[in-house]
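Single-structure report; data block below.
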2 protein chains.
Amino acid sequence: MATSAKLQKEPDMLSTHDRILEAATALFLQNGYAATSMNAIAKASGIQKASLYHHFESKEAVLFACFERGYQATVERMRTITGQNDQSYADRLEPLVGEIHNGIVHSSVGQMAPVIAETTSRYPEIARRFNDEFIDEMHNIAMAFLSEGMEQGEFAPFEIEAMDHALFGIPVNLTMCRSMFGGFEDLQHRYDTDRVKELHLAILRKLLGL
Amino acid sequence: MATSAKLQKEPDMLSTHDRILEAATALFLQNGYAATSMNAIAKASGIQKASLYHHFESKEAVLFACFERGYQATVERMRTITGQNDQSYADRLEPLVGEIHNGIVHSSVGQMAPVIAETTSRYPEIARRFNDEFIDEMHNIAMAFLSEGMEQGEFAPFEIEAMDHALFGIPVNLTMCRSMFGGFEDLQHRYDTDRVKELHLAILRKLLGL
DNA sequence: GTCTATAAGTAGATAGAC
DNA sequence: GTCTATCTACTTATAGAC
């Protein structure tokens, strides 16, 4: 236990397996899946291409592994936040929205959305898992929370399907714009993550009558 | 004139140049840019690969040409809609939103967003033009319209930057979800374009006090 | 303007030494 | 577990006949 904690303390101490996944994720995000070669992943991981095939049997397996670890943390934190019944629904809204932004805008899995779009026809299982284990779970947790808040009279009643789009549309748009235009310095201020989160909260509060 | 109109009447009558662009766009949308080979584009256009290079000097040139024609129509129609001063601001909102959905969700250029994300680091000029000639223009037209409507007292005052995200976030999210999950039949109803447009309008009306 | 043939390079993946 | 060397297939792009 102490050893493995120590091993993960510094990035240099990451296992080869994890270094590969970190490097691959960064490359997939920057250049997409097809334009990222196994050679490039190997070099970025500090090993030779043949060594890469000792850890993963194919490029497809690397892509799958990049997603494997990503879903759970965000979903768990969302469950924790919405489950805190000692707080009012209004008080739980901001941390919930913050966690949604973490998952979609800041986490590497959320940022992978364009890579999923690129690969969905070749590897539909990835898109399917992304939907089932991440998008769907987030939707269900958030929608249950908002429905309950409306039933309790803390939120003004509003078409729940519309709330769904209001809740997820804005961070998904943000993460898309950042992956398309993140390289342009003159556009950075428009896609400032903290600022957009505040604007998003203002929209949700208005819709929920807060 | 009569001849060229006739030529464009049936898909079989398209010029080779246009058939290439239609085929290339469809393939880029389905498989992404890097995974689409010039051979595949040639076959889908009904010609040989070498003939393709008679019409476009490189694969990069094909990608650029796929975007070239796409921006203007949506922007022009948005200008026409918002310019109709004989109608109330409230009455112009629905057609304006309809046109935004046309441009982002239904047009091939809007659907290309993930392809832009895939290629932005190799070909930043494409992402730049997509922003400057499409996104930026749509934002400017829509924001001017909403600001005026608020000044005239037809729309309730609301942070204009937030309106920006409320207006574009939902269709961009829709087009992303459709490109990631469009292949899954059980998810189709969630991403029904007409339904989402109605929900989007309901959100905007609520924010604008209509 | 379209074709067949081919060049030159890179991709994913494997063999086998250490 | 990592390496060098290599296989096979496919990539973008070009040459030159018709």
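Throughout, protein chains are lettered first and strands after them, A, B, ... in sequence-line order, and every chain is numbered starting at 1. Since this is a predicted model, take the numbers as computed values, not measurements.
Non-hydrogen atoms lying under 4.0 Å from DNA chain D are contributed by nothing in residues 23-30 of chain A. Less than 4.0 Å separates DNA chain C from at least one heavy atom of each of the following residues of residues 44-52 of chain B: B:I47, B:Q48, B:A50, B:S51.
Considering only side-chain N and O atoms, A:Y53 lies nowhere under 4.0 angstrom from the phosphate OP1 or OP2 of C:dT14.
Taking B:F181 as the reference, nothing meets the ring pair (Phe, Tyr, Trp, His ring centres under 6.0 Å) condition, with sequence neighbours excluded. Judged as a salt bridge (Lys or Arg N to Asp or Glu O under 4.0 Å), and not counting sequence neighbours, the contacts of B:E161 are A:R195. For B:H54, there are no side chain to side chain donor-acceptor pair (under 3.5 Å) partners at least two apart in sequence or on another chain. Residues passing the side chain to side chain donor-acceptor pair (under 3.5 Å) test with A:E137, sequence neighbours excluded: A:R79. A:D136 pairs by the salt bridge (Lys or Arg N to Asp or Glu O under 4.0 Å) definition with B:R190, not counting sequence neighbours. Residues satisfying the side chain to side chain contact (heavy atoms under 4.5 Å, CB included) criterion with B:D186, sequence neighbours excluded, are A:R128, B:F184. With sequence neighbours excluded, no residue satisfies side chain to side chain donor-acceptor pair (under 3.5 Å) with B:E198. Listed by chain and residue number, nothing satisfies the side chain to side chain donor-acceptor pair (under 3.5 Å) test with A:Y53 (two or more places apart in sequence, or in another chain).
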Side-chain donor-acceptor contacts of residues 21-29 of chain B below 3.5 Å, not counting sequence neighbours, with atom names and distances?
| unit_1 | atom_1 | unit_2 | atom_2 | d |
| --- | --- | --- | --- | --- |
| B:T25 | OG1 | B:L21 | O | 2.7 |

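Between chain A and DNA chain D, the heavy-atom contact criterion of under 4.0 Å yields a 5' to 3' nucleotide range of D:dG1 to D:dT4.
Annotation for A:E159: atom CD counts as buried by contact number, over 12 foreign heavy atoms lying within 6.0 Å.
A:H55 has its NE2 atom 16 Å from the P atom of C:dA13, to the nearest Å. Rounded to whole Å, atom C1' of C:dG12 lies 10 Å from atom OH of A:Y123. Spacing between atom CE of A:M38 and atom P of C:dG12 amounts to 7 Å, rounded to whole angstrom units. The distance from atom CD of A:E60 to atom C1' of C:dA11 is 16 Å, rounded to the nearest whole Å.
With rounding to the nearest 0.5 Å, the separation of CD1 in B:I126 from CG in B:L63 is 3.5 Å.
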